[in-house]
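All values below come from the heavy atoms of this structure, side chains included, with hydrogens, waters and symmetry mates left out.
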Amino acid sequence: MSLRCWFYIAILSVRGVYAGAIVSTDISSETTQVVRTGDRLLFHLFTWNFASNAERLNLPLYATDLSFALATPAGDAGAFEATVESEGGAVSFVLGELNFVPGTLSASGYTGDVSTLQGYLHFSPQLSAAIFKNGGMVIALRNLGPDVRLGLEPYLVRQNLFATLSGAGVSVGALPGWVELEAGAETRIYGMRLSSMEGEDFPVTLAEAPEPSPAVSLLSGGVFLLALSGLLKRLARSRR
């Protein structure tokens, strides 16, 4: 085969790798964002405040329970796959498919109908330490449905997700960090990856609970929205 043929093959190979690459964009300053089929939203959250409060009370430093809710204007938002990861992605766990449910929100900058995506995870002590030991975590949401625009103007996209960390009698809200949009995320391989960079294995303990009734879902959604409303008000005051 001639040198020219090898050269063309090399060019095509590079273009093929580039076409399948995942492009990550910081959207922290955006108020709305179109999330296309297969794209992922990565919400980076700070969790050191839980350890700080627990240490003062001489309690375990890492949360064992995580609850979160993402709010967006009511619409046709479809299913998303949720993954909880340590900062850097060394340890991750796929929660599975989640769906938006209807609700309402009344806050200083937004009042009206919304859709909320809610998730919950109970950690074993080993997994908890692996996820939170660096003072941060990531909640990744991959769009399984059609293209959708998310956001609650005038709030930033990073302010639309509220997460609560709890354990051993301590409960705090995780602090908003930044948000990335991964385009081309459909090419990733998803699954449960519970090993650290040191090669340790971490067992996972999931809370066993029956499928909630519609009334319970609406009640829990109301609690999340009240918490989110309080957080957004504090953020709005801080921005002034």
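Other cluster members for Leu144: none, since no ILVMFWY side-chain heavy atom sits under 4.5 Å from it. The hydrophobic cluster containing Val138, built from Ile/Leu/Val/Met/Phe/Trp/Tyr side-chain heavy atoms closer than 4.5 Å, also comprises Leu42.
Residues meeting the side-chain contact (heavy atoms from CB on, under 4.5 Å) test with Pro60, sequence neighbours left out: Ala168. Every residue was checked against the salt bridge (Lys or Arg N to Asp or Glu O under 4.0 Å) condition with Asp113, not counting sequence neighbours, and none meets it. With sequence neighbours excluded, the residues satisfying side chain to side chain donor-acceptor pair (under 3.5 Å) with Thr32 are Arg149. Listed by chain and residue number, nothing satisfies the side chain to side chain donor-acceptor pair (under 3.5 Å) test with Ser166 (two or more places apart in sequence, or in another chain). Shown here are the side chain to side chain donor-acceptor pair (under 3.5 Å) partners of Asp26, two or more places apart in sequence or in another chain: Ser28. Every residue meeting the ring-ring contact (aromatic ring centres under 6.0 Å, His included) condition with Trp178, not counting sequence neighbours, appears here in chain and number order: His44. Applying the side chain to side chain donor-acceptor pair (under 3.5 Å) test to Glu153 and every residue at least two apart in sequence or in another chain returns Thr31. Partners of Phe50 by ring-ring contact (aromatic ring centres under 6.0 Å, His included), not counting sequence neighbours: none found. Remark: Phe132 engages Phe123 in a ring-ring contact (aromatic ring centres under 6.0 Å, His included) (not counting sequence neighbours). For Ala51, the side-chain contact (heavy atoms from CB on, under 4.5 Å) partners at least two apart in sequence or on another chain are Leu61.
Taking every heavy atom of both residues into account, Ala130 and Val91 meet most closely at CB-CG2, 3.9 Å. The shortest heavy-atom contact between Asn134 and Glu87 is ND2-O, 4.3 Å. Leu98 and Gly119 get closest at one heavy-atom pair: CD1-CA, 4.1 Å. The two residues Ile139 and Ala163 make their nearest non-hydrogen contact at CD1-CB, 4.3 Å. Looking at every heavy atom in both residues, Val157 comes nearest to Phe43 through O-CE2, 3.6 Å. What you find for Asp147 and Thr37 is that their closest heavy atoms are OD1-N, 2.9 Å.
Side-chain contact, Tyr155 with Ser108: a donor N or O sits under 3.5 Å from an acceptor N or O. A donor-acceptor contact closer than 3.5 angstrom is absent between the side chains of Glu85 and Thr83. A donor-acceptor contact closer than 3.5 angstrom links the side chains of Ser24 and Glu180.
A donor-acceptor pair under 3.5 Å is formed between the side chain of Asn49 and the backbone N or O of Gly173. Under a 3.5 Å cut-off, the side chain of Asn53 and the backbone N or O of Arg56 do not form any donor-acceptor pair. Not one N or O on the side chain of Glu55 forms a donor-acceptor pair closer than 3.5 Å with the backbone of Ser52.
Separating the OH atom in Tyr62 from the OG atom in Ser128 is a distance of 8.0 Å, to the nearest 0.5 Å. Expressed to the nearest 0.5 Å, how far OG of Ser67 lies from CG of Leu121 amounts to 9.5 Å. The structure places CG of Leu41 at 6.5 Å from CZ of Phe80, a figure rounded to the nearest 0.5 Å. Interatomic distance, Phe93 CZ to Ile131 CD1, rounded to the nearest 0.5 Å: 10.0 Å. Interatomic distance, NE2 of His122 versus CG of Asp65, reported as 5.5 Å (0.5 Å rounding). With values rounded to the nearest 0.5 angstrom, Arg158 atom CZ is found 9.5 Å from Ser29 atom OG.
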Exercise for review: Given side chain to side chain contact (heavy atoms under 4.5 Å, CB included), test Thr164 with Ser171 step by step and report yes or no.
Suggested key: CA-CA 7 Å; Thr164 299; Ser171 181; 3.4 Å; yes
Exercise. Would Leu105 and Thr111 count as a side chain to side chain contact (heavy atoms under 4.5 Å, CB included) if you check the C-alpha gap in whole Å, the side-chain angles of each, and the deciding distance to 0.1 Å?
Worked result: CA-CA 5 Å; Leu105 175 64; Thr111 298; over 6 Å; no
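In this structure, the side chains of Leu70 and Leu150 come closer than 4.5 Å at one or more pairs of heavy atoms. Counting heavy atoms from C-beta outward, Phe68 and Gln118 have side chains that stay 4.5 Å or more apart. The side-chain heavy atoms of Asn160 and Thr72, taken from C-beta on, include no pair separated by under 4.5 Å. Annotation: side chain of Thr64 is not in contact with side chain of Pro125 (no heavy-atom distance under 4.5 Å). Contact of the Leu66 side chain with the Val84 side chain is registered, since non-hydrogen atoms from C-beta on lie closer than 4.5 Å. In this structure, the side chains of Val170 and Leu57 come closer than 4.5 Å at one or more pairs of heavy atoms. Contact check for Asn143 versus Arg36: no side-chain heavy atoms found under the 4.5 Å cut-off. Contact annotation: the side chain of Leu181 never approaches that of Arg40 to less than 4.5 Å [non-hydrogen atoms, C-beta and beyond].
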